[in-house]
2 protein chains.
Amino acid sequence: MSRRIRLEDVAAEVGLSRASVSMVMRGAPGPSADTVERVLAAADRLGYRPDRAASALASRRSRMIGVVLEVRSTFHAELAEEMLAAADRIGYDLLLGPRTPHRDEARAVESLLDSRCEALVLIGTEAPVERLVALDRQVPVVTVGRRMPGATLDVVRLDDESGVSGLVRHMVGLGHRRIAYVRGHDAVIAADREAGYRRAMSEAGLEPHVVAGGKDAEDGVASARSMLAEALPTAVLLFNDQAAIGFMSELARAGVDVPAQVSVAGFDDSPLARLGPVALTTVHQDVPGLTRHTLELIGERLDGGRSARREVVITPEVVVRASTAEVAGI
Amino acid sequence: MSRRIRLEDVAAEVGLSRASVSMVMRGAPGPSADTVERVLAAADRLGYRPDRAASALASRRSRMIGVVLEVRSTFHAELAEEMLAAADRIGYDLLLGPRTPHRDEARAVESLLDSRCEALVLIGTEAPVERLVALDRQVPVVTVGRRMPGATLDVVRLDDESGVSGLVRHMVGLGHRRIAYVRGHDAVIAADREAGYRRAMSEAGLEPHVVAGGKDAEDGVASARSMLAEALPTAVLLFNDQAAIGFMSELARAGVDVPAQVSVAGFDDSPLARLGPVALTTVHQDVPGLTRHTLELIGERLDGGRSARREVVITPEVVVRASTAEVAGI
DNA sequence: TTGTATGCGTTATCAG
DNA sequence: CTGATAACGCATACAA
């Protein structure tokens with residue numbers, strides 16, 4: 001384990017002071033073109049890489065943005081990937097703060113803060129709003145994917161309500177009248193999506209039928225079982241794609257054909273939606289759009305001097321695939 | 001944005017020196033029980049959190065382990081989650097270094113090193129062996145999931161070859177004789193799995209039939225298309241679950257029944273395998289086992305003074321599910 | 001058991 | 001345009 005190359009080593013190599021080399025390394029104005037070239041060459045030759053800890057300490061800036069996510073979620077992962085590139089473009093680095101069943105959101109946030117992140121992106125946060133507002137006083141916070149009722153926070157999200165409404169209208173357009181909704185348990189998102197369902201059903205003059213569910217494939221399986229035990233509607237909307245996939249697989253096992261007998265739709269347009277034997281009709285999450293707006297908000301707060309909070313709402317699109325069809329026997 | 005609480009603030013609060021507070025904070029022996037209590041109370045009251053950058057700089061230790069992974073992969077994500085907990089137990093923190101199509105492995109490694117990671121875990125690395133050996137001279141490296149032919153490196157992996165052999169034997173036991181293998185394009189893993197296939201086929205006195213494929217669902221779809229255009233074997237093994245899922249979904253679209261007409265198997269036992277309408281027979285990746293061994297190796301290198309390199313090979317188990325059945329019409 | 005002094009690798013201010 | 005030099009927040013050997 002050889003010692004790390006320091007600024008001083010590079011300075012010695014080119015016969016300059018550490019200060020000059022430092023300026024060159026971070027592209028500060030000052031050094032002559034000739035100096036820049038020599039320093040860069042020497043740094044490259046020696047394999048010098050600036051020490052982030054030292055740099056952060058001295059500059060009081062880490063140039064890092066913390067992202068709290070659920071690594072398990074492919075949707076979160078997609079967002080993180082996209083944000084990685086976007087952050088790079090505005091000269092920041094991303095620090096991932098994974099949230100798991102054994103490591104709650106608060107812990108992830110603490111860890112990110114310990115690492116001196118200058119701003120925080122919370123994907124699909126489940127923390128109470130007051131806590132987030134408090135956090136936002138320490139460091140700029142942007143929440144992604146969830147409405148923040150009555151809070152002054154930066155938010156980037158899909159219009160969940162209109163997404164599900166669109167799904168209902170799609171079903172109605174196919175002639176369905178018995179359309180059920182299997183809700184998630186999340187406080188806000190689930191409520192919004194359910195509201196979209198209820199609104200669209202009422203607009204179509206139909207009776208809503210909401211049942212409890214969840215966000216995982218297993219939840220979808222369970223929902224299917226209980227629905228099979230009772231009467232099956234002609235169309236079922238589920239909280240998200242995961243649940244919808246589980247739901248469909250259980251129907252398949254029971255010999256119920258999708259979409260011939262039952263039309264099914266999810267939400268998220270996760271990679272899973274395209275994958276199965278029956279491609280899922282769903283609501284598209286605009287990952288590049290969410291990402292772009294998120295990093296714009298952060299850029300404005302960090303480098304643009306904005307202080308007022310903003311909310312960006314993206315109107316989502318329904319993606320029609322093979323899991324929905326005209327209602328049978330009408 | 002209020003100023004951060006420093007060690008000094010806590011020291012002032014309790015009327016002690018920074019040194020004493022520092023000892024208390026990191027649980028160093030020395031301070032009296034009474035002092036510890038007072039300091040901890042004050043730190044808590046003020047909301048003090050040690051600054052990692054400063055701490056790393058001063059102690060020349062970051063207590064961080066870098067993990068290079070593909071965030072998109074649910075298997076990698078599962079490993080990362082598990083490692084997070086395991087690292088915590090031995091007093092380390094994990095730093096995730098995502099590898100994406102726009103951010104190659106070398107870049108992820110550099111970033112992790114810039115953050116002073118003391119050891120690196122490379123999940124499913126695709127880097128050339130020589131590069132890894134060179135890297136291992138800078139910092140302890142453990143590669144997960146891939147054999148490192150002829151290299152002195154710490155490796156934790158499944159016995160891919162025997163995994164696929166087991167799958168073949170399972171198929172043979174079900175009466176299959178025309179068993180095809182759709183390989184991946186990875187240099188080492190794909191070769192190992194293919195070797196396992198060839199060995200088991202030869203042991204069963206069967207003629208091997210290997211076709212090109214890939215690791216994504218789309219690759220599986222493509223494989224299915226080309227196989228449907230030609231003659232379909234009675235059993236098909238695919239490089240991994242993703243490919244197998246894509247393969248099965250394309251078969252379903254073409255009206256081919258799995259497992260009645262064709263038996264299909266994957267590799268990885270990813271969450272996907274259990275999900276679809278037809279649960280996939282596959283080879284189980286022992287995530288807790290891989291994790292435990294990985295962190296053991298790291299602990300030994302970092303705190304145990306081990307210098308010789310070790311390889312840990314886990315014998316994987318075949319998980320039989322619904323996608324394989326006795327060969328039809330025999 | 002507690003305090004003092006020094007250093008960690010950078011950045012940034014201010015002379016030259 | 002370049003070079004000293006003082007922070008940055010904390011850890012640690014050593015002294016008290």
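A, B, ... follow the sequence lines: proteins, then strands. Residue 1 opens every chain.
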Report the nucleotide, chosen from [options], that has the shortest atom-to-atom distance to any side-chain atom of [X].
X	options	result
Ala58(B)	dG7(C), dT1(C), dT10(C)	dG7(C)
Leu16(A)	dT2(D), dT2(C), dC10(D)	dT2(D)
Arg26(B)	dG9(D), dA11(D), dG3(C)	dA11(D)
Asp51(A)	dT2(D), dG9(D), dT10(C)	dT10(C)
Arg60(A)	dG9(C), dC8(D), dT1(C)	dC8(D)

Measure the distance from [atom1] on [X] to [atom2] on [N] and round it to the nearest whole Å.
X	N	atom1	atom2	value
Arg63(A)	dC8(D)	CZ	P	21 Å
Met23(B)	dT2(C)	CE	C1'	9 Å
Leu57(B)	dT12(D)	CG	P	12 Å
Arg61(A)	dT11(C)	CZ	P	13 Å
Arg52(B)	dA11(D)	CZ	C1'	17 Å
Ile5(B)	dC8(D)	CD1	C1'	16 Å
Arg4(A)	dG9(C)	CZ	C1'	9 Å
Arg18(A)	dA7(D)	CZ	C1'	12 Å

Worksheet item: Base, sugar-phosphate, or nothing for Leu7(B), non-hydrogen atoms under 4.0 angstrom?
Response: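 Answer is sugar-phosphate: Leu7(B) comes under 4.0 Å of backbone atoms only.
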Discussion item. Considering every strand and a 4.0 Å limit on heavy-atom distances, what is the contact class for Arg116(B): base, sugar-phosphate, or nothing?
Written reply: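 Sugar-phosphate only.
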Is [X] near enough to [N] that one of its side-chain N or O atoms lies under 4.0 angstrom from OP1 or OP2?
X	N	answer
Thr35(A)	dT2(D)	yes
Ser59(B)	dC10(D)	no
Ser55(B)	dA11(D)	yes
Ser32(B)	dT1(C)	no
Ser20(A)	dT2(D)	no
Arg6(A)	dG9(C)	yes
Ser22(A)	dT11(C)	yes

Practice prompt. May I ask you to test the Val312(B)-Val155(B) pair for a side-chain heavy-atom distance under 4.5 Å?
Written response: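 Not in contact.
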Worksheet item: Any side-chain donor paired with an acceptor under 3.5 Å for Thr125(A) and Glu105(A)?
Response: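 Yes - a donor-acceptor pair under 3.5 Å links their side chains.
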Do the charged groups of [X] and [Y] touch, with an N to O distance under 4.0 Å?
X	Y	value
Arg63(A)	Glu118(A)	no
Arg306(A)	Asp154(A)	yes
Arg52(B)	Asp93(B)	yes

Worksheet entry | First encountered from the 5' end of DNA chain D, between Met25(B) and Gly30(A) |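 Its nucleotide being nearer the 5' end, the pick is Gly30(A).
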Worksheet entry | Pair Asp186(B)-Lys215(B), salt bridge (charged side-chain N to carboxylate O under 4.0 Å, His left out): steps then yes or no | CA-CA 9 Å; Asp186(B) 174 287; Lys215(B) 64 171 186 175; over 6 Å; no
